[in-house]
Each structure stands twice: as structure tokens, then as C-alpha cells.
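For reference, positions follow the sequence shown, starting with 1. Here the structure is a predicted model, which means the values were calculated and not measured.
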Amino acid sequence: MKLPRRKFLHLAAGAAALPALSRVAWAQAYPTRPVRIIVGFAAGGPADVVARLIAQWLSERLGQQFVVENRTGAATNIAAEAVVRAPADGYTLLFVTAANAINTTLYEKLSFNFIRDIVPVASVIRGPSVLEVNPSVPAKTVPEFIAYAKANPGKLTMASGGIGAPSHVFGELFKLMTGVNLVHVPYRGAAPAVTDLLAGQVQVYFDPIPNSIGYIRAGKVRPLAITSATRSEALPDVPTVGEFVPGYEASFWFGVGAPKATPPEIVDKLNKEVNAALADPKMKARLAELGATTLPGSSADFGKLIVEETEKWAKVVKFANIKPE
């Protein structure tokens with residue numbers, strides 16, 4: 001039987017629309033089983049804490065468990081690769097951090113391209129670190145610290161959570177812009193770095209506010225400045241580095257990503273729910289306690305941030321000739 005041309009075209013158009021309709025239906029039903037959020041840091045750290053807050057919100061809103069899975073190692077590259085290799089179905093997500101942007105340049109032989117292989121879903125927060133010193137350091141302001149460091153070149157030690165960690169590159173940017181000579185001492189994570197800072201084994205650390213605020217309030221470390229462009233509500237009396245070193249800005253940030261080719265309908269659904277969380281007064285208050293500012297926006301906005309941060313830290317990694325362990 002030969003179909004009339006008009007009817008044939010109508011049927012063909014209907015058949016072509018089926019995959020799109022099925023994707024929409026699939027996205028509307030999503031999720032139908034538990035979802036994993038892979039975090040490249042150990043439990044208890046800032047990234048883990050914020051990931052669990054978002055996971056709890058998504059679980060309550062979407063009716064399925066969003067489970068945080070900590071996969072540490074290789075400076076978060078193990079976690080990133082696990083998500084890159086996962087099915088692009090929305091059931092394996094990555095908790096994206098500034099470390100992912102830094103690693104793009106730091107590691108020359110990664111088996112994946114982060115910007116190409118991870119779809120940005122939603123940004124969550126942005127926050128400053130604190131330029132803090134052991135109380136034995138006589139400087140009480142950034143200008144005093146710069147003068148003291150220049151008068152004692154190579155005698156002050158700067159802790160970090162590891163080679164290429166945000167705490168490392170934040171410090172290298174400071175060294176680059178001020179001309180001070182601080183000796184880098186990398187640790188395996190933030191906890192041992194803070195322990196030695198408190199003990200006076202190292203003198204300087206660029207520490208995320210969530211890690212340091214308790215020690216600052218207890219007077220165990222001295223904050224000289226915060227690294228963001230504006231002052232923090234959590235430490236309103238602490239100036240920014242940029243007030244003394246024009247143009248300096250360094251922030252940690254978190255967000256959610258997914259494997260490339262994840263259906264855009266699922267990306268949009270997750271973006272909408274994350275933004276709803278960031279608008280919730282209780283969630284905003286909890287994140288503010290961590291010294292962070294909510295970072296609502298579209299998937300494209302988050303993608304732009306990732307590209308900009310990747311380019312920024314690439315310059316620092318290359319100039320400081322930072323090489324992975």
C-alpha cells in the first residue's frame with residue numbers, strides 16, 4: 001500500500017518526535033532510583049559538608065535518595081574520572097570544586113578533559129579563604145606581613161593541603177603579586193596542615209573559612225585578611241587581601257556536574273532544584289555559617305565560571321612551575 005505523501009511526512013515527523021518525547025517523559029520521572037554524588041574529598045571537610053546539605057535537599061524534593069560517596073585520591077582526579085566514565089543518565093553526579101579547574105593544567109596526562117567531559121549542572125557556593133598566621137608571627141596586618149617576609153626571605157613556611165591544592169595556588173598567587181619568598185610545605189590534606197600551623201611548625205596558611213573560623217574565634221590563629229574581592233559576613237572586621245594588594249582575589253567554590261551527554265532535561269531539573277535550595281532561608285543561613293555565599297545561576301553560568309577559573313589558575317600553575325607529586 002502506497003501512502004499519500006502528506007500522510008507519510010506526518011507519520012515520519014511523529015516518529016522523529018518520539019525520542020524527544022521519551023526523553024521528556026524520562027526526565028519528568030527522574031529519579032526512579034538512588035543517585036550518587038561523588039565527592040573527591042574525605043568526609044567532614046567543607047566540600048563533603050556542603051555536598052551532604054545539597055544531597056539531603058534533593059532527596060526530600062525529588063523523592064529518591066541522593067547519596068554522597070567520598071572517593072579520595074589523586075587530588076580529586078579519581079572522583080572526576082569515575083563520573084566521566086559513568087553512564088550519562090543522571091544517576092552519577094560529581095561535586096565539582098576549584099581543584100578540578102586547577103588540575104586541568106596541573107596534570108598534563110589526565111585520561112579526560114574536564115571541560116569537555118563534565119556537563120556543568122549548577123553552582124552552589126563561593127567563599128573566601130583566610131590568610132592566617134601562627135600567633136608567633138609578629139605581623140598583624142598584610143602590609144606588616146609583607147614587610148616581615150621580605151626582611152626574612154625564605155624563613156617563613158607556608159602550609160598547604162597538597163601540591164596544587166587551592167590553598168597552595170592561593171599562596172602562590174600572593175607570592176607572585178607581592179614578591180615575598182615563602183617556603184611551601186605541602187601536607188596530605190587540610191587537617192595535618194592546620195595541626196602544624198597551630199603548633200607553630202609552619203607559620204602561614206591560606207585556609208577556607210569553614211576550616212579556620214573556630215580557631216580564629218578561639219584566638220589560636222591570627223587572621224590577616226580574606227582572599228575574596230569583598231569582606232565576609234562571617235568575619236566582617238577582617239579586611240580583604242585586595243585592600244592592600246590591588247587585584248588579588250581567590251575563592252573556593254562548589255557545584256554539581258554530570259557526565260557529558262546527560263539529557264538536558266535532567267540537567268535542567270537538577271539545576272532548578274539546586275537553585276531552589278539556594279533560595280531557601282534555612283539553607284542560606286546554614287551556608288552562611290560556613291562563611292560562604294550562595295551562587296545561584298544557570299548551567300551555562302556555572303560553565304562560564306569553570307572556564308574562567310581554569311584559565312586563571314593555569315597562569316599561576318605555569319608561572320610558579322607547580323608540578324604534581
Side-chain angles (χ1 to χ4, degrees), residues 31 34-62 64-104 110 112 114-115 117-127 161-162 164-167 189-190 208-211 251-260 262 266-267 269-278 283 286-287 290-297 299 301-303 305-306 309-310:
V35 178
R36 295 183 303 158
I37 302 178
I38 310 295
V39 178
F41 295 92
D48 176 74
V49 170
V50 177
R52 291 179 189 277
L53 288 172
I54 294 299
Q56 182 180 356
W57 174 274
L58 292 173
S59 298
E60 292 172 357
R61 294 274 291 200
L62 295 177
Q64 288 287 344
Q65 286 298 307
F66 281 69
V67 181
V68 170
E69 183 178 313
N70 302 94
R71 286 206 191 180
T72 60
T76 74
N77 289 325
I78 288 175
E81 184 168 10
V83 177
V84 167
R85 306 297 175 217
D89 55 8
Y91 289 93
T92 305
L93 306 174
L94 178 68
F95 204 66
V96 182
T97 72
N100 299 116
I102 296 165
N103 289 348
T104 298
L110 290 175
F112 58 90
F114 189 82
I115 292 175
D117 295 333
I118 292 292
V119 174
V121 173
S123 49
V124 177
I125 62 166
R126 189 167 196 162
S167 52
I209 279 187
N211 285 346
S251 302
F252 69 86
W253 45 267
F254 302 147
V256 178
K260 71 175 181 181
T262 297
I266 288 179
V267 171
K269 187 170 191 175
L270 289 169
N271 178 272
K272 178 182 176 182
E273 292 300 340
V274 170
N275 278 295
L278 302 183
M283 179 68 79
R286 180 71 183 91
L287 294 172
L290 299 174
T293 303
T294 56
L295 199 60
S299 168
D301 291 334
F302 187 32
L305 172 67
I306 293 171
E309 288 284 293
T310 299

What closest approach, in Å, do Ala42 and Thr72 show between heavy atoms, and which atom pair accounts for it? N-CG2, 3.4 Å
Verdict with supporting geometry, Val124 and Met283, side chain to side chain contact (heavy atoms under 4.5 Å, CB included): CA-CA 11 Å; Val124 177; Met283 179 68 79; over 6 Å; no
Apply side chain to side chain contact (heavy atoms under 4.5 Å, CB included) to the pair Val96 and Phe114, showing each step before the final yes or no. CA-CA 10 Å; Val96 182; Phe114 189 82; 3.7 Å; yes
Side chains of Leu290 and Val50: closer than 4.5 Å at any heavy-atom pair? yes
How long is the span from the CG atom in Asn77 to the CZ atom in Phe112, to the nearest 0.5 Å? 4.5 Å
Here the pair of heavy atoms bringing Ala99 nearest to Phe41 is CB-CZ, 4.2 Å
For the student: nearest non-hydrogen atoms of Ile78 and Ala74, plus distance: CG1-CB, 3.9 Å
Nearest heavy atoms of Arg52 and Ala43, plus distance in Å: NH2-CB, 4.4 Å
I'd like to know whether Val83 forms a side chain to side chain contact (heavy atoms under 4.5 Å, CB included) with Leu93, so could you lay out the CA-CA distance, the side-chain angles of the two residues, the decisive distance to 0.1 Å, and finally the verdict. CA-CA 6 Å; Val83 177; Leu93 306 174; 6.0 Å; no
Pairing residues for Phe254 by the ring pair (Phe, Tyr, Trp, His ring centres under 6.0 Å) criterion, not counting sequence neighbours: Phe95, Phe252
Do Ile118 and Asn100 have side-chain heavy atoms sitting under 4.5 Å apart? no
Please name the pair of heavy atoms, one in Pro87 and one in Pro259, separated by the smallest distance, quoted to 0.1 Å. O-CG, 3.8 Å
Nearest atoms (heavy-atom pairs only) where Gly44 meets Val49: O-CG2, 3.8 Å
Working to the nearest 0.5 angstrom, can you tell me the gap between Leu53 CG and Asp48 CG? 9.5 Å
Do Leu270 and Phe66 come within less than 4.5 Å of each other through their side chains, counting heavy atoms only? yes
In Å, rounded to the nearest 0.5 Å, how long is the span from CD1 of Ile306 to OG1 of Thr97? 10.0 Å
So, taking the atom named CD1 in Ile266 and the one named CG in Asn271, what distance separates them when rounded to the nearest 0.5 Å? 13.5 Å
Measuring from Glu273:CD to Leu62:CG, what's the distance to the nearest 0.5 Å? 4.5 Å
Distance alone, cut at 3.5 Å: any donor-acceptor contact between the side chains of Thr92 and Arg36? yes
Heavy-atom side-chain contact between Leu305 and Leu295 under 4.5 Å: yes
Going from NZ on Lys260 to CD1 on Ile115, what distance comes out if it is rounded to the nearest 0.5 angstrom? 13.5 Å
